[in-house]
Amino acid sequence: MPLTKQQVWVALAKPSQALTLVLAAVPEGWTAEILEIPLTGEQQRMFEELNLQPGDVHRLTK
């Protein structure tokens with residue numbers, strides 16, 4: 001049975017566009033779903049420091 005690996009990615013876009021942007025950024029064959037979860041304080045600070053522009057995608061690391 002294959003090991004499932006989960007990652008959290010953020011996209012500065014409308015929810016309807018975010019999924020498409022993330023799927024274009026992740027490796028081929030991966031799936032993605034929109035999660036409505038609060039960011040941790042550390043993730044929020046990282047998100048703000050990224051200074052993303054509309055349409056940008058970034059993987060959040062631990």
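Predicted model, so just to flag it, every value in this text is computed and none were measured. All values below were derived from every heavy atom in this structure, side-chain atoms included, with hydrogens, water molecules and symmetry-related copies excluded.
- What you find for Ala13 and Ala18 is that their closest heavy atoms are CB-N, 4.1 Å.
- Criterion: ILVMFWY side-chain heavy atoms under 4.5 Å apart, direct or through other members. Under it, Val8 and Leu50 are part of a common hydrophobic cluster.
- The nearest pair of heavy atoms linking Leu52 to Leu12 is O-CD2, 3.1 Å.
- Sorted by first then second residue, the side-chain hydrogen bond (donor to acceptor under 3.5 Å, both in side chains) pairs that include residues 8-22, not counting sequence neighbours, are Gln7-Trp9.
- Nearest heavy-atom pair, Ala25 versus Val57, reported as atom, atom and distance to 0.1 Å: CB-CG1, 3.9 Å.
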When the side chains of residues 29-39 are checked against the rest of the protein, which donor-acceptor pairs come out under 3.5 Å, sequence neighbours left out?
none

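- For the side chain to side chain contact (heavy atoms under 4.5 Å, CB included) test, residues two or more places apart in sequence or in another chain that qualify with Gln53 are Asn51, Asp56.
- Take Glu28 and apply the side chain to side chain donor-acceptor pair (under 3.5 Å) test, not counting sequence neighbours, and it matches no residue.
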